[in-house]
Amino acid sequence: MANMTPKERVLAALDRKKLDRPPVVCFTQIATVDAMDAVKVYWPDAHTDPHKMATLAAAPSKVFGFECVRLPFCLTVEAEVGGCRVDLGKMDRTPMVKSHVFDESNIPDDLPADFMTKGRIPVVIEAVKIAKQEFGKELPIVAGTTGPFTIAGHLVGTENLLLWIITNPEAVVKALKLATKLERSYIGALAKAGADVIVMSDPSASTDMLSGEMFDEYAAPYIIESFKDAGNAKKVLHICGDTTLLLDHMIKTGVNGLSIEEKVSPEKAVQIVNGRAALVGNVGVVRPLLQGTTEDVLRDATRVKNAGFNLVGPGCGLAARVPKANIEALIKAVKG
Amino acid sequence: MTDYLAQLAEVVVKGKIKEAKPLTEQALAAGVPANEIIFNGLSKGMEVVGQKYEKKEYYLPQVLLSAQTMYASLDVALPKLVVGSGGVRAKVVMAVVEGDVHDIGKNIVKAMLTGAGMTIFDLGRDVPIKNIVDKAKAESVDIVATSTLMTPTLAGMKEIERMMKEGNMKPKIKSMIGGGATSQEFASQIGADAWGPDAIAAVQIAMNLAKK
């Protein structure tokens with residue numbers, strides 16, 4: 001098993017096979033300033049140039065030893081294609097959605113026919129192809145996408161979307177259907193381009209926002225639908241916050257892996273999931289990775305590994321300023 | 001009078017937004033003072049909403065609807081409020097710091113503080129640090145309350161502390177922070193006066209700061 005490539009190891013881990021050690025990955029945002037310095041490719045350029053995107057996405061595996069290539073670096077690609085204004089940020093700040101597009105009365109039934117050629121969709125697809133060709137033998141290509149509930153929130157305003165669950169559920173469904181159409185085509189194209197793993201992050205569907213029942217009604221069916229054209233790519237669902245009560249609901253979407261944050265106790269997560277899906281995570285990004293010491297990171301990562309997570313890594317997207325030493329401590333804790 | 005107050009609290013808890021305005025008008029017409037409506041009706045309602053959210057009986061959609069209902073009633077009651085008629089009268093400037101657009105948490109805290117009778121100057125999201133400090137000075141507020149969910153924007157909170165200190169605004173004006181990326185350790189480290197772990201705790205924290 002020691003001879004496995006990182007790609008074989010990651011795919012086996014997502015199939016919940018028994019391994020000598022779990023792979024150490026970052027399935028959420030992976031780039032840091034140290035990685036940028038190493039390959040001389042920086043944000044915001046890397047968001048719009050496929051070669052730069054592929055190069056930066058692979059850098060953390062070369063520089064730190066992560067066992068995957070992960071791109072893009074934000075959750076705004078879909079929102080932008082849907083018509084939102086996006087600020088691409090700066091070297092240490094991720095892009096953000098600056099404005100939503102629709103209100104209750106004007107959510108369209110369909111997307112423009114050429115939406116797959118819009119915004120940065122072609123950039124990400126091209127970057128996946130480049131990454132596949134350059135690194136795809138050894139490393140799994142992990143494409144990050146946004147969950148339909150989160151996209152819908154970008155399109156109409158998350159606060160509006162939540163409020164309409166009570167006051168105007170039809171509008172919620174309409175926004176979700178639009179988001180799902182976009183997402184399903186996008187995921188299909190990413191899989192076709194060579195993505196080995198599709199990670200869908202749906203932060204707005206967390207338990208801070210929705211109850212389990214609301215998740216079943218307004219998130220899960222659209223997640224399932226969005227993954228329909230993923231082909232042979234492994235499917236991973238990432239949801240932020242304390243997902244202890246949501247794990248069962250997440251499993252029911254039929255994904256291969258669940259990526260969760262440190263707000264869930266790792267032992268408890270393993271106990272609840274009980275082999276029904278692979279667990280990915282859940283070392284804290286702010287504490288210990290950003291603000292803690294290497295000892296803190298070593299302690300938490302070892303705990304996650306010993307708890308039995310199938311893949312060990314950050315519980316959420318890395319902040320660009322996470323120190324190199326802490327990432328190295330994370331990787332050392334897993335690889336030894 | 002207590003009938004009206006109980007009904008108003010109930011309307012807020014259940015989020016019966018259409019009933020908020022007429023019921024508030026009726027209560028005022030029946031001689032219920034605006035401060036009673038706010039502090040013993042709406043405020044009690046929001047308190048219950050907070051408790052239900054804490055116990056996970058309510059999720060964000062219900063909380064948002066209750067907040068909207070409270071605002072609908074406040075629109076009618078606030079103009080009739082006689083100044084100095086009881087309750088905590090703190091003035092608070094609120095904002096999501098520059099670089100971050102996640103403002104739902106801030107809006108919930110705003111609703112809870114409004115429910116507690118405080119005057120809120122809400123600057124919105126992605127707000128330049130200087131604007132926050134300038135507003136605090138211009139309105140001579142009691143508290144500067146900022147939030148962020150992201151990590152790159154934590155530096156903005158540190159900058160607020162620096163500017164407040166430099167402008168001799170402390171200790172007269174207090175600062176409190178909250179949001180996903182913040183913690184008690186971080187608050188202590190930058191010199192913020194308080195950290196709010198959630199919207200419910202934020203009410204008590206703000207009340208305590210206002211008394212100091």
Side-chain angles (χ1 to χ4, degrees), chain A residues 29 33 43 76 84-87 89-100 153-154 157-169 172 203-204 206-215 218 240-242 245 261 263 284-287 289-292 316-322, chain B residues 14-18 52-69 71-72 96-108 110-111 124-126 148-156 158 178-190 197-200:
Chain A
Q29 199 297 108
V33 172
W43 292 349
T76 60
C84 298
R85 196 158 54 81
V86 169
D87 173 348
K90 39 185 209 184
M91 189 178 85
D92 60 356
R93 188 183 285 175
T94 47
M96 59 180 172
V97 174
K98 295 282 271 192
S99 68
H100 56 80
H154 287 156
T158 306
E159 202 168 321
N160 292 333
L161 190 73
L162 290 167
L163 191 61
W164 298 346
I165 284 181
I166 302 180
T167 61
N168 190 353
V172 177
S204 296
S206 78
T207 54
D208 289 327
M209 311 273 196
L210 301 179
S211 68
E213 292 73 41
M214 291 173 188
F215 180 88
Y218 295 106
C240 308
D242 182 353
L245 295 172
E261 269 196 292
K263 284 164 192 134
V285 166
V286 180
R287 287 169 305 280
L289 281 166
L290 180 64
Q291 294 168 349
C316 199
L318 286 179
R321 295 285 178 189
V322 169
Chain B
K14 297 260 168 78
K16 294 180 178 171
I17 193 161
K18 284 182 188 138
K52 284 184 180 289
Y53 183 58
E54 216 172 9
K55 284 190 277 186
K56 299 228 175 257
E57 281 175 35
Y58 272 18
Y59 284 81
L60 265 190
Q62 292 101 332
V63 176
L64 290 168
L65 186 62
S66 289
Q68 298 286 333
T69 307
Y71 289 129
V96 175
V97 296
E98 185 168 23
D100 195 351
V101 292
H102 297 90
D103 63 350
I104 296 180
K106 184 265 295 168
N107 292 345
I108 300 295
K110 176 188 171 187
R125 58 192 203 176
D126 192 14
T148 187
L149 190 69
M150 314 291 284
T151 45
T153 39
L154 288 171
K158 197 171 170 184
T182 65
S183 62
Q184 181 59 58
E185 292 82 36
F186 178 71
S188 310
Q189 191 193 320
I190 63 170
D198 56 51
I200 317 301

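In what follows, chains are A, B, ... by sequence order, proteins preceding strands, each numbered from 1. The structure presented is a predicted model; accordingly, all values stated were derived computationally and were not measured.
If you take CE on A/M214 and OH on B/Y59, they are separated by 8.0 Å, rounding to the nearest 0.5 Å. Of the inter-residue distances, the one linking A/R287 atom CZ with B/E185 atom CD reads 6.0 Å to the nearest 0.5 angstrom. Taking CZ of A/R93 as the start and CD of B/E98 as the end, the distance is 6.0 Å to the nearest 0.5 Å. Interatomic distance, A/S204 OG to B/L60 CG, rounded to the nearest 0.5 Å: 10.0 Å.
For A/K263, the NZ atom counts as densely surrounded, since its 6.0 Å shell holds more than 12 non-hydrogen atoms of other residues, nucleotides or ligands.
When each of B/I17, B/I104, B/D100 is scored by its heavy-atom pairs under 4.5 Å with chain A, the top score falls to B/I104. The most heavy-atom pairs under 4.5 Å with chain B, out of A/D92, A/V97, A/D208, A/T167, come from A/D208. Of the residues considered (B/G180, B/G99, B/G105), B/G99 shows the highest number of contacts with chain A, using heavy-atom pairs under 4.5 Å. For the set A/T207, A/L161, A/V285, A/T94, the entry with the most heavy-atom pairs within less than 4.5 Å of chain B is A/T207.
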CA sep, side-chain torsions, deciding dist, call: A/L163, B/L65, side chain to side chain contact (heavy atoms under 4.5 Å, CB included)
CA-CA 6 Å; A/L163 191 61; B/L65 186 62; 3.8 Å; yes
The test is side chain to side chain contact (heavy atoms under 4.5 Å, CB included); show your working for A/E159 and B/D103 and say whether it passes.
CA-CA 9 Å; A/E159 202 168 321; B/D103 63 350; 4.3 Å; yes
Output, in order, the C-alpha distance, side-chain angles, deciding distance and verdict of side chain to side chain contact (heavy atoms under 4.5 Å, CB included) for B/T151 and A/V286.
CA-CA 7 Å; B/T151 45; A/V286 180; 3.6 Å; yes
Evaluate B/Q62 against A/I166 for side chain to side chain contact (heavy atoms under 4.5 Å, CB included), listing each step before the verdict.
CA-CA 7 Å; B/Q62 292 101 332; A/I166 302 180; 3.9 Å; yes
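Only the side chain of B/F186 has a heavy atom closer than 4.5 Å to any heavy atom of chain A. Residue contact with chain B, scored on non-hydrogen atoms closer than 4.5 Å, is absent for A/A320. Using a 4.5 Å cut-off between heavy atoms, B/S66 makes no contact with chain A at all. If you measure heavy-atom distances from A/M209 to chain B, the contacts under 4.5 Å come from both the backbone and the side chain. Interface remark: A/K90 contributes no atoms to any contact with chain B (heavy atom separation under 4.5 Å).
Residues B/L154 and A/Q291 meet the side-chain proximity criterion, which asks for heavy atoms closer than 4.5 Å. Put simply, the side chain of B/V101 does not reach to within 4.5 Å of the side chain of A/D87, judged on heavy atoms.
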